[in-house]
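Worth saying up front: this structure is predicted, and the values here are computed from it rather than measured.
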Amino acid sequence: MLHLKANNFLPEEQFGFRAGHSTTKQMVLFNEHITRSTENKMTTDVIYMDVEKAFDQPKFEEMQEELKEAKIDGNLLNLIMFLLVHRVFLVKVNGKNSNETTADSGAGQGSVLGPILFIIFFSKLSKLLKNINGIIHFKFADDLKLLYSYFIKDFDSSIMQKAIATVSDWCESKSMKVAPTKTFHVQFGPSNPNAKYFVNNIEIERKEVANL
């Protein structure tokens, strides 16, 4: 992590698994933004997104490329890839083991190294979202919040919809996909019933704050 910090590789929007970017700090920043926007009579749409089996899907070759971009190379890169590629799996039921098998993807959820590898892999998505004016985002591992604050008279659904499409398209390009049933829309501030958003042509379910 010191290497990633020294090279300023991880985006500021990535919280968890790193010093100074706790999940508590994310909630403080999020609440400050919601409070400030609401006090200014602005509506804020928040899309809570979840990526299906995110830790299991990244291909080893793509993870290797992201590690290189993070300036991880030489023996360290070789060691990390060796640990990923040479893992074996089995299932134990009633004291009996299945045959061992290997995998061609996955960051190793449940391991010490897995979350670090995943946030390195996930970091490029922040670069894409930063190019969309009007969108703020927060990440914790594979969980993502998209925020769009606006005055109702200036509402433009295409801004948030572009961000959602960016996430969905990026995930598909990396052999992952957004989970529509675990993706929700929450609205803060003045009500705007016209704010409707879609992922994979499915309308995102809107939830009231009290029902989260």
Side-chain angles (χ1 to χ4, degrees), residues 10-16 21 23-58 62 66 118-119 121-212:
L10 297 178
E12 288 297 315
E13 294 83 2
Q14 178 67 58
F15 293 84
H21 284 70
T23 52
T24 300
K25 182 176 181 180
Q26 181 198 135
M27 289 306 302
V28 170
L29 294 174
F30 174 77
N31 287 332
E32 285 178 347
H33 177 85
I34 296 298
T35 300
R36 185 167 54 251
S37 297
T38 302
E39 288 176 348
N40 290 329
K41 310 300 183 184
M42 299 178 75
T43 300
T44 299
D45 289 324
V46 182
I47 304 296
Y48 293 80
M49 305 189 78
D50 180 82
V51 180
E52 288 185 356
K53 301 179 180 178
F55 275 78
D56 300 329
Q57 298 302 324
E62 293 178 341
E66 295 302 326
F118 187 80
I119 63 176
F121 181 77
F122 212 37
S123 63
K124 187 165 288 185
L125 180 58
S126 285
K127 297 177 182 178
L128 299 175
L129 290 172
K130 285 180 180 179
N131 290 327
I132 304 176
N133 291 330
I135 293 295
I136 297 173
H137 72 283
F138 296 99
K139 295 191 297 182
F140 170 66
D142 57 334
D143 293 319
L144 171 68
K145 287 198 290 272
L146 301 174
L147 285 71
Y148 169 41
S149 297
Y150 55 89
F151 294 106
I152 290 181
K153 64 181 180 62
D154 301 321
F155 173 63
D156 182 354
S157 64
S158 68
I159 294 175
M160 177 63 88
Q161 193 59 57
K162 181 178 180 180
I164 295 168
T166 296
V167 176
S168 181
D169 291 347
W170 182 85
C171 286
E172 289 187 9
S173 74
K174 301 299 181 183
S175 304
M176 301 184 293
K177 64 178 180 179
V178 174
T181 57
K182 294 182 180 180
T183 296
F184 303 105
H185 171 203
V186 178
Q187 193 171 88
F188 299 87
S191 178
N192 179 15
N194 294 319
K196 297 180 180 181
Y197 305 106
F198 301 82
V199 60
N200 300 331
N201 296 317
I202 300 173
E203 184 174 346
I204 297 173
E205 181 182 357
R206 183 163 165 176
K207 286 185 173 289
E208 299 301 323
V209 176
N211 294 333
L212 283 179

Practice problem: Step by step, work out the side chain to side chain contact (heavy atoms under 4.5 Å, CB included) result for E172 and N200. | Solution: CA-CA 11 Å; E172 289 187 9; N200 300 331; 3.8 Å; yes

Quiz item: Does the side chain of V186 come within less than 4.5 Å of K145's, by heavy atoms?
Solution: no

Exercise. Might you work through the side chain to side chain contact (heavy atoms under 4.5 Å, CB included) test for M49 and I164, ending with a clear yes or no?
Key: CA-CA 9 Å; M49 305 189 78; I164 295 168; 4.1 Å; yes

Quiz item: How many angstroms lie between atom NZ of K153 and atom OG1 of T43, to the nearest 0.5 angstrom?
Solution: 12.0 Å

Quiz item: Is a donor on one side and an acceptor on the other found under 3.5 Å between the side chain of S173 and the backbone of W170?
Solution: yes

Quiz item: Do side-chain atoms of D156 reach the backbone of S158 as a donor and acceptor pair under 3.5 angstrom?
Solution: yes

Quiz item: When rounded to the nearest 0.5 angstrom, what distance separates CD1 in I34 from CD in E39?
Solution: 11.5 Å

Quiz item: Taking all non-hydrogen atoms of both residues, which atom of D45 and which atom of A195 are closest, and how far apart?
Solution: OD2-CB, 3.4 Å

Quiz item: Going from CG on L144 to NZ on K139, what distance comes out if it is rounded to the nearest 0.5 angstrom?
Solution: 7.5 Å

Quiz item: Could you go step by step and tell me if N40 and R36 meet the side chain to side chain contact (heavy atoms under 4.5 Å, CB included) rule?
Solution: CA-CA 6 Å; N40 290 329; R36 185 167 54 251; 4.0 Å; yes

Quiz item: Is the shortest heavy-atom distance from the side chain of D169 to the side chain of L128 under 4.5 Å?
Solution: no

Quiz prompt | Considering all heavy atoms, the nearest T44-S37 contact | solution = OG1-CB, 3.5 Å

Quiz item: Should V46 and L146 count as side-chain neighbours, where that means a heavy-atom distance under 4.5 Å?
Solution: no

Practice problem: Supply the atom-to-atom distance R206 CZ to Q187 CD, rounded to the nearest 0.5 angstrom. | Solution: 3.5 Å

Quiz item: With distance as the sole criterion, is a donor-acceptor pair present between the side chains of N194 and S157 under 3.5 Å?
Solution: no

Practice problem: Begin with the C-alpha distance, continue with both residues' side-chain angles, and end with the deciding distance and a verdict on side chain to side chain contact (heavy atoms under 4.5 Å, CB included) for I135 and L147. | Solution: CA-CA 6 Å; I135 293 295; L147 285 71; over 6 Å; no

Quiz item: Taking all non-hydrogen atoms of both residues, which atom of L129 and which atom of A163 are closest, and how far apart?
Solution: CD2-O, 3.9 Å

Quiz item: What distance do D154 atom CG and I159 atom CD1 have between them, rounded to the nearest 0.5 Å?
Solution: 9.0 Å

Quiz item: Excluding sequence neighbours, so at least two apart, what forms ring pair (Phe, Tyr, Trp, His ring centres under 6.0 Å) with Y150?
Solution: Y148, F155

Quiz item: What closest approach, in Å, do V178 and S168 show between heavy atoms, and which atom pair accounts for it?
Solution: CG2-CA, 4.0 Å

Exercise. Output yes when a side-chain donor or acceptor of Q161 lies under 3.5 Å from a complementary backbone atom of F198, and no otherwise.
Key: yes

Quiz item: About how many Å separate OG1 of T38 and NE2 of H33, when rounded to the nearest 0.5 Å?
Solution: 8.5 Å

